[in-house]
Amino acid sequence: MESHDKKLQNNLLNIETGYEVLIDEYKEFQKRLTFQMSILLHEEDDLNLYKMIDLRKKIKDYIELIIKLKEDWNSDLIQMGVSEEL
């Protein structure tokens, strides 16, 4: 394989890894947020608890968007035969 093909393979791997890292970070943030929510619940801080509940919902939406984007990207690569050429 030529050197430029290796660079393209590395780029594709980095993109794939980027999606996974982003998803993992959102999930980790979501876990920590849930822990903070339990503290707020115990402290009866309803206002901040509701804000965090809304944020948790948004995190779930973002994770779903990233997963969809990743699936679309991979599907496009397969349809164009790009992933097989590299």
Side-chain angles (χ1 to χ4, degrees):
M1 229 177 231
E2 296 179 29
S3 63
H4 70 278
D5 289 342
K6 185 65 175 165
K7 288 179 183 179
L8 286 174
Q9 283 179 326
N10 287 339
N11 290 135
L12 285 175
L13 180 59
N14 289 342
I15 290 168
E16 183 71 22
T17 301
Y19 284 126
E20 294 303 322
V21 168
L22 190 55
I23 290 167
D24 289 346
E25 288 300 318
Y26 270 106
K27 287 180 178 179
E28 183 61 30
F29 186 82
Q30 190 176 40
K31 281 186 212 175
R32 293 182 184 277
L33 186 65
T34 299
F35 175 75
Q36 290 300 316
M37 289 168 58
S38 69
I39 293 171
L40 293 174
L41 184 61
H42 179 71
E43 294 174 352
E44 298 182 13
D45 185 350
D46 291 350
L47 179 62
N48 285 318
L49 179 62
Y50 290 131
K51 287 179 184 178
M52 288 193 171
I53 289 170
D54 288 341
L55 181 56
R56 192 168 189 277
K57 289 176 187 175
K58 290 210 176 277
I59 292 168
K60 184 178 181 247
D61 292 342
Y62 279 113
I63 290 170
E64 290 173 4
L65 282 171
I66 296 164
I67 290 170
K68 175 74 170 115
L69 180 62
K70 179 183 172 209
E71 289 170 352
D72 288 350
W73 170 253
N74 288 333
S75 177
D76 287 344
L77 290 177
I78 290 168
Q79 286 178 359
M80 290 186 276
V82 172
S83 60
E84 292 138 14
E85 292 177 15
L86 301 174

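Positions are given from 1 along the sequence.
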(message) As an exercise, state the distance from CG of Asn74 to CD of Gln79, rounded to the nearest 0.5 Å.
(response) 11.5 Å
(request) Look up atom CG in Asp5 and atom CG in Asn10, then write down how far apart they are to the nearest 0.5 Å. (result) 11.0 Å
(request) Mind checking the CG-CE spacing from Leu41 to Met52? Nearest 0.5 Å is all I need. (result) 12.0 Å
(request) Name all residues meeting the salt bridge (charged side-chain N to carboxylate O under 4.0 Å, His left out) criterion together with Asp72; count only those two or more places apart in sequence or in a different chain, and write none if there are none. (result) Lys68
(request) May I ask whether Leu49 and Phe35 are part of the same hydrophobic cluster, defined by side-chain heavy atoms of I, L, V, M, F, W, Y residues being less than 4.5 angstrom apart, directly or through others? (result) no
(message) So, taking the atom named CG in Leu22 and the one named CG in Leu69, what distance separates them when rounded to the nearest 0.5 Å?
(response) 9.5 Å
(message) Could you measure the distance from the CD atom of Gln30 to the CZ atom of Arg32? Nearest 0.5 Å is fine.
(response) 13.0 Å
(message) Is there a path of hydrophobic side-chain contacts, each under 4.5 Å between heavy atoms, that joins Leu33 and Tyr62?
(response) yes
(message) Checking one residue: Leu47. Which other hydrophobic residues are in its cluster under the side-chain 4.5 Å linking rule?
(response) none
(message) Does Glu44, at its CD atom, have more than 12 non-hydrogen atoms belonging to other residues, nucleotides or ligands within less than 6.0 Å?
(response) no
(request) Compare every heavy atom of Met37 with every heavy atom of Ile53, then report the nearest pair and how far apart it is. (result) CG1-CE, 3.4 Å
(request) Kindly work out whether a path of hydrophobic side-chain contacts (I/L/V/M/F/W/Y, heavy atoms less than 4.5 Å apart) joins Ile23 to Trp73. (result) yes
(request) State whether the side chain of Ser75 and the backbone N or O of Glu71 hold a donor-acceptor pair below 3.5 Å, judged by distance alone. (result) no
(message) Do Ile15 and Val82 land in one hydrophobic cluster if side-chain heavy atoms of ILVMFWY residues count as linked below 4.5 Å?
(response) yes
(message) To the nearest 0.5 Å, what is the distance between CD on Gln36 and CG on Leu40?
(response) 7.0 Å
(message) A quick test of your reading: do over 12 heavy atoms of other residues, nucleotides or ligands sit less than 6.0 Å from OH of Tyr19?
(response) yes
(message) Which residue is it: Leu65, Ile59, Asp61, Ile66? I am looking for the one with a side chain to side chain contact (heavy atoms under 4.5 Å, CB included) to Ile63.
(response) Ile59
